Chemist: 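The structure follows.
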Amino acid sequence: MASAVLALGCTVGAALALAPPAGAAEPLIVQVHCVIPLDQPAVDGPQQISLDAPTDPVRPGDKVKIKVTLGGSPATSPLPFPGTPLTPSIQLVLSGGASGELTLQGTRMRVDIPGTPAQIVVPPYEGEITVPLDAKGDIRLAPGKMVTSTAIFGDQITTCFPTTPAPPAATLKVDVAGTAPDGAQGSPAGPGAGQPPAPGETSGRTASQPAESPAASPGGVAGEAAKASGVDIGTVSRGEDDGDVSGGTIVLIVVGALILVMAAATMLYSWRRHEDDEW
């Protein structure tokens, strides 16, 4: 009994040890067709590919890093080239919450390229992609065309692409909650902003307010008399409603007083002349 329990415990422990950590991508075995430079014949064969995407949700427009891990390539080199500069890239085919293709570019690195029959293994690399702005939900990533540029006698390009569409190798969790449709943002303007005025209204005063007549203008008839005397009160500000006497009112009072004085002087002159005539 004890030996059976021990054996079961060892089996479970081994299974847990071999289980991949949460969020780790399951490697795919994809059949690829590789076009090799330097007039070498094309080759076909299996290619192991793993994609590791962030486990936390991302939002449309975010930049995210994807890790690419490749197994040995079917493409080989007839001669070894140690310390060769190499730049890898892979095309990611989108499905689910978005469609299309994105190219993930790796950084330039130095790789020891072995000679045939040893396989060339590109070290794991990371690249950055942008989550499509029109993403509607989680996005599945499938490997597509793989391009490797090596600096051997110039830049040599090796291209490998799946012979049939590969299944998804990773999934991006996309949080679209709170995203306005078509990228529209909420307007900060209050209600009614940007709306035409209601019927019967104008941008300044309402139709119910009558236009100001000349008689109601500053000074009325007295103002016209003041203009005739050469005094322009058109630019004098009107008094406020707090009871203060405005400059226009003072000018009217002065003009009225002058008119009264002139009238009194004229009457006095006429009376004295009449008195002189009687004598």
Side-chain angles (χ1 to χ4, degrees), residues 20-35 46-71 73 85-109 111 122-151 155 157-196:
E26 291 292 335
L28 298 177
I29 303 297
V30 180
Q31 292 295 321
V32 297
H33 176 78
C34 297
V35 179
Q47 173 70 67
Q48 180 173 300
I49 307 172
S50 294
L51 301 178
D52 286 292
T55 56
D56 294 334
V58 296
R59 295 179 64 84
D62 286 353
K63 295 183 180 297
V64 297
K65 288 186 177 182
I66 306 294
K67 182 180 179 181
V68 181
T69 304
L70 301 175
S73 172
L86 181 148
T87 305
S89 67
I90 186 171
Q91 199 172 59
L92 302 178
V93 182
L94 312 182
S95 61
S99 60
E101 298 172 345
L102 295 175
T103 298
L104 186 146
Q105 183 76 40
T107 58
R108 191 178 178 91
M109 61 183 76
V111 178
V122 176
Y125 63 93
E126 281 188 337
E128 192 174 74
I129 61 172
T130 301
V131 181
L133 291 173
D134 59 352
K136 301 297 189 296
D138 295 350
I139 302 174
R140 295 185 293 272
L141 307 176
K145 180 176 64 176
M146 293 163 283
V147 178
T148 303
S149 174
T150 52
D155 288 332
I157 304 299
T158 300
T159 304
C160 297
F161 51 89
T163 55
T164 58
T171 300
L172 277 177
K173 296 181 179 179
V174 180
D175 179 13
V176 296
T179 303
D182 299 329
Q185 301 295 328
S187 173
Q195 298 179 356

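In this text the structure is predicted, and so the values were computed from the model without any measurement. The residues of the chain are indexed from 1 along the displayed sequence. Side chains are part of it too, since the values below use all heavy atoms of this structure and drop only hydrogens, waters and symmetry mates.
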Chemist: Is there a side-chain contact between Asp134 and Lys136 (heavy atoms, below 4.5 Å)?
Modeler: yes

Chemist: How close do Pro54 and Val64 get, heavy atom to heavy atom, and via which atoms?
Modeler: CG-CB, 4.2 Å

Chemist: Of all heavy-atom pairs between Thr130 and Gly61, which one has the smallest distance, and what is that distance?
Modeler: CG2-O, 3.7 Å

Chemist: Provide the closest heavy-atom pair for Pro132 versus Pro60 in the form atom of the first, atom of the second, distance.
Modeler: O-CB, 3.5 Å

Chemist: Could you give the distance from CD1 (Ile90) to CD1 (Ile49), rounded to the nearest 0.5 Å?
Modeler: 5.0 Å

Chemist: Of Thr171, Val68, Leu104, Thr69, which meets side-chain contact (heavy atoms from CB on, under 4.5 Å) against Leu51?
Modeler: Val68

Chemist: Do Arg59 side-chain atoms and Ala177 backbone N/O form a donor-acceptor pair below 3.5 Å?
Modeler: yes

Chemist: Test side chain to side chain contact (heavy atoms under 4.5 Å, CB included) on Glu101 and Lys145; report intermediate values, then the result.
Modeler: CA-CA 10 Å; Glu101 298 172 345; Lys145 180 176 64 176; over 6 Å; no

Chemist: Minimum heavy-atom separation for Gly144 to Pro162, with atom names?
Modeler: O-CD, 3.5 Å

Chemist: Starting from the C-alpha separation in whole Å, work towards a yes-or-no answer on side chain to side chain contact (heavy atoms under 4.5 Å, CB included) for Met146 and Val122.
Modeler: CA-CA 11 Å; Met146 293 163 283; Val122 176; over 6 Å; no

Chemist: Hey, mind stepping through Leu94 and Ser99 against side chain to side chain contact (heavy atoms under 4.5 Å, CB included) and telling me if it holds?
Modeler: CA-CA 5 Å; Leu94 312 182; Ser99 60; 5.5 Å; no

Chemist: Going from CD1 on Ile129 to CG on Asp62, what distance comes out if it is rounded to the nearest 0.5 angstrom?
Modeler: 11.0 Å

Chemist: For the OG1 atom of Thr55 and the NZ atom of Lys173, what is their distance to the nearest 0.5 Å?
Modeler: 6.5 Å

Chemist: Of all heavy-atom pairs between Ala166 and Ala142, which one has the smallest distance, and what is that distance?
Modeler: O-CB, 3.4 Å

Chemist: Could you tell me which non-hydrogen atom of Val174 sits nearest to which non-hydrogen atom of Ala135, and how far apart they are?
Modeler: CG1-CB, 4.2 Å

Chemist: Rounded to the nearest 0.5 Å, how far does OG1 of Thr148 lie from CG of Leu70?
Modeler: 7.5 Å

Chemist: Under a 4.5 Å cut-off applied to non-hydrogen side-chain atoms, are Val147 and Pro88 in contact?
Modeler: no

Chemist: Walk me through whether Gln105 and Thr87 qualify under side chain to side chain contact (heavy atoms under 4.5 Å, CB included).
Modeler: CA-CA 8 Å; Gln105 183 76 40; Thr87 305; 3.1 Å; yes

Chemist: So, using side-chain contact (heavy atoms from CB on, under 4.5 Å) as the criterion, who are the partners of Pro165 when residues are at least two apart?
Modeler: none

Chemist: Within a strict 4.5 Å, meaning less than it, do heavy atoms of the Met109 and Pro123 side chains meet?
Modeler: yes

Chemist: Counting C-beta onward and ignoring hydrogens, is there a side-chain heavy-atom pair between Gln47 and Ser73 closer than 4.5 Å?
Modeler: yes

Chemist: Spell out, as yes or no, whether a donor-acceptor pair under 3.5 Å connects the side chain of Asp175 to the backbone of Val58.
Modeler: no

